Amino acid sequence: MPAFEVDERHPPIKPRRVSFDWENTPLHWIPGHPVATHMINSFHLVLPEGERWFIQCVQDAKPEIKDERLLEEIKGFIGQEMVHARAHGSFLTELLDTHGIDHRRITEAGEAGNKARPAERAKLKPRARRRMLRFELSAVSAIEHYTAVLGQWILNNDDLDKAGVDPTMLDLLRWHGAEEVEHRSVVFDVYKAQGGGYLTRVAGWLVSLTFLYWALIGGAKFLLDRDPTLGRKPTFRWMYREYRRAAKANLVPSLFRLLVVEGLIYLKPGHHPSHIGDTPQALEYLLRSPAAKAAGYDPY
């Protein structure tokens with residue numbers, strides 16, 4: 001039996017070398033919804049270094065992987081995550097910096113953590129290092145579950161188009177979301193190949209849940225506090241009211257549905273990521289994504 005469930009519905013995972021021009025993208029790219037905009041912008045704050053952490057974890061596990069197909073999946077996953085990090089980083093430097101929003105308190109902390117990780121791991125004995133890697137993979141696997149769920153949500157969401165969301169941002173989110181659906185099983189399969197069990201998977205999920213809640217709420221508050229277009233310092237009461245308005249319009253996902261309901265799906269003992277998401281739909285979008293087409297993406 002293979003170490004992971006084979007999904008025959010998509011060709012080998014490969015990166016698409018996309019780029020995005022933010023010159024014409026407004027700061028509030030969901031018109032009339034600064035809270036919804038910055039809730040999603042909070043992902044731009046953490047994803048560049050977060051994606052690099054994902055890559056580090058998978059690369060650390062790679063020497064022990066024997067399954068040739070999984071090794072090919074890992075190669076494609078790493079390539080895609082490298083492009084994701086660069087694309088979200090361009091948003092920080094080309095849009096947030098342009099509007100005078102200083103994001104360094106968060107982004108530099110993530111960068112410092114990634115730089116310190118190899119030395120911190122080197123201090124551990126081999127068995128402890130292996131346990132730590134399994135725990136990290138369990139957390140990354142849970143985050144990958146949530147990013148795949150978000151990817152499917154945005155692929156299905158026509159309300160964003162109707163609301164007049166900036167097309168460049170919408171393409172970035174759908175391109176990234178489609179690739180998250182495409183490679184949703186990779187880290188879970190690496191975790192299982194490393195001998196990861198159910199209890200560690202639950203512990204990793206708890207860490208990912210805490211991180212995502214902080215990223216969405218804390219990150220949005222961080223950006224709103226620094227938004228030069230707002231006439232007052234935002235309160236949590238106002239943020240909650242505006243979040244509810246945006247969620248009702250389906251411009252942001254329901255946090256209860258996303259974090260709790262989807263979390264319970266992930267925690268089912270027999271869960272595998274291939275059981276969620278629509279790979280053909282994701283691949284169909286990648287064939288028509290303006291950024292992917294401009295990059296000369298060839299699925300074959």
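The residues of the chain are indexed from 1 along the displayed sequence. Computed from a prediction, not measured in an experiment: that's the story for all the values here.
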Stacked cation flag R245 on Y240, 6.0 angstrom / 45 deg:
no
With distance as the sole criterion, is a donor-acceptor pair present between the side chains of Q152 and E180 under 3.5 Å?
no
For F188 and S185: C-alpha separation, side-chain torsions, deciding distance, then whether side chain to side chain contact (heavy atoms under 4.5 Å, CB included) applies.
CA-CA 5 Å; F188 186 93; S185 299; 5.5 Å; no
Would you indicate whether K75, at its atom NZ, is surrounded by more than 12 heavy atoms from other residues, nucleotides or ligands within a distance under 6.0 Å?
no
For M169 and F20, what are the C-alpha separation, side-chain angles and deciding distance, and is it a side chain to side chain contact (heavy atoms under 4.5 Å, CB included)?
CA-CA 9 Å; M169 178 60 72; F20 298 90; over 6 Å; no
Between R117 and D60, does any NZ, NE, NH1 or NH2 come within less than 4.0 Å of an OD or OE carboxylate oxygen?
yes
Return yes when atom CE of M239 has more than 12 non-hydrogen atoms of other residues, nucleotides or ligands closer than 6.0 Å, and no otherwise.
yes
Rounded at 0.5 Å granularity, tell me how far CD in Q56 sits from CZ in R121.
9.0 Å
Taking atom types as modelled, find out whether T168 and W22 have a side-chain donor-acceptor pair closer than 3.5 angstrom.
no
State whether R16 and E182 are salt-bridged, where the test is any N-O pair (Lys NZ or Arg NE/NH1/NH2 against Asp/Glu carboxylate O) under 4.0 Å.
yes
Flag the pair Y285 / W175 as yes when their ring centroid distance falls below 6.0 Å, and as no otherwise.
no
NZ/NE/NH1/NH2 to OD/OE distance under 4.0 Å, R105 and E108:
no
Just wondering, do R257 and V149 contact through their side chains at under 4.5 Å, heavy atoms?
no
Any W29 side-chain heavy atom under 4.5 Å of N41 side chain:
yes
I13, D189, V58, I55 screened by side chain to side chain contact (heavy atoms under 4.5 Å, CB included) with I74, the one that passes
V58
Determine whether L172 and H44 make a side-chain contact, defined as any pair of heavy atoms from C-beta on separated by less than 4.5 Å.
yes
Salt bridge or not for D67 and R69, using N-O below 4.0 Å?
no
Any side-chain heavy-atom pair from V35 and V252 closer than 4.5 angstrom?
no
Nearest-0.5 Å distance that lies between atom CG in L264 and atom CG in L259
11.0 Å
Listing request: all salt bridge (Lys or Arg N to Asp or Glu O under 4.0 Å) pairs with a residue in residues 150-167, at least two apart in sequence or in separate chains.
D161-R174
For D97, side-chain hydrogen bond (donor to acceptor under 3.5 Å, both in side chains) partners two or more places apart
H103
E144/R184 salt bridge by N-O under 4.0 Å criterion
no
Of all residues at least two apart in sequence or in a different chain, which pass the side-chain hydrogen bond (donor to acceptor under 3.5 Å, both in side chains) check with R288?
E284
I'd like to know if the side chain of H176 and the backbone of D171 have a donor-acceptor N/O pair within less than 3.5 Å.
no
Taking I217's backbone N and O only, do any of them form a donor-acceptor pair with Y243's side chain (distance below 3.5 Å, no angle check)?
no
Sorted by first residue and then second, give each salt bridge (Lys or Arg N to Asp or Glu O under 4.0 Å) pair with at least one member in residues 31-52; sequence neighbours left out.
E49-R52
Do F43 and H88 have ring centroids that are under 6.0 Å from one another?
no
Could you please spell out the steps behind the side chain to side chain contact (heavy atoms under 4.5 Å, CB included) verdict for R130 and Q194?
CA-CA 9 Å; R130 184 179 175 85; Q194 285 281 304; 3.8 Å; yes
Would you check if R127 and R131 make a side-chain contact, meaning some heavy-atom pair closer than 4.5 Å?
yes
Can you name the residues that form a side-chain hydrogen bond (donor to acceptor under 3.5 Å, both in side chains) with E94, not counting sequence neighbours?
none
Quick one, I143 with W53, criterion side chain to side chain contact (heavy atoms under 4.5 Å, CB included). Give me CA distance, side-chain angles, the key distance, then yes/no.
CA-CA 12 Å; I143 293 171; W53 173 52; 4.2 Å; yes
By the definition side chain to side chain contact (heavy atoms under 4.5 Å, CB included), identify the one residue from L173, I154, N250 that meets it with L160.
I154
Within the structure provided, determine whether C57 and E136 are in side-chain contact (heavy-atom separation under 4.5 Å).
yes
Nearest-0.5 Å distance, OG1 of residue T229 to CG of residue L27:
5.5 Å
Establish, yes or no, whether a centroid distance under 6.0 Å links the rings of Y266 and W205.
no
Within the side chain of R201, is there an N or O that forms a donor-acceptor pair under 3.5 Å with the backbone of S138?
no
Distance (rounded to the nearest 0.5 Å) between L216 CG and S42 OG
4.5 Å
Side-chain contact, heavy-atom cut-off 4.5 Å: L96 with L45?
yes
Distance alone, cut at 3.5 Å: any donor-acceptor contact between the side chains of E73 and H183?
no
Take atom OH of Y198 as the centre, draw a 6.0 Å sphere, and report whether it contains more than 12 heavy atoms from other residues, nucleotides or ligands.
yes
Quick one about H99 and D227 (side-chain donor to acceptor, distance below 3.5 Å, no hydrogens or angles considered), yes or no?
no
Under the 3.5 angstrom rule, does the side chain of Y191 hit a backbone N or O of G197 as a donor-acceptor pair?
yes
So, E179 versus H84: side-chain donor-acceptor pair below 3.5 Å or not?
yes
Distance col, row R86:CZ vs S19:OG, nearest 0.5 angstrom, shows 7.5 Å
Taken to the nearest 0.5 Å, the spacing of H271 NE2 from I265 CD1 works out to 8.5 Å
Side-chain donor/acceptor of T210 to backbone N/O of L206, under 3.5 Å
yes
Residue list, side-chain hydrogen bond (donor to acceptor under 3.5 Å, both in side chains) with R226, at least two apart or on another chain:
none
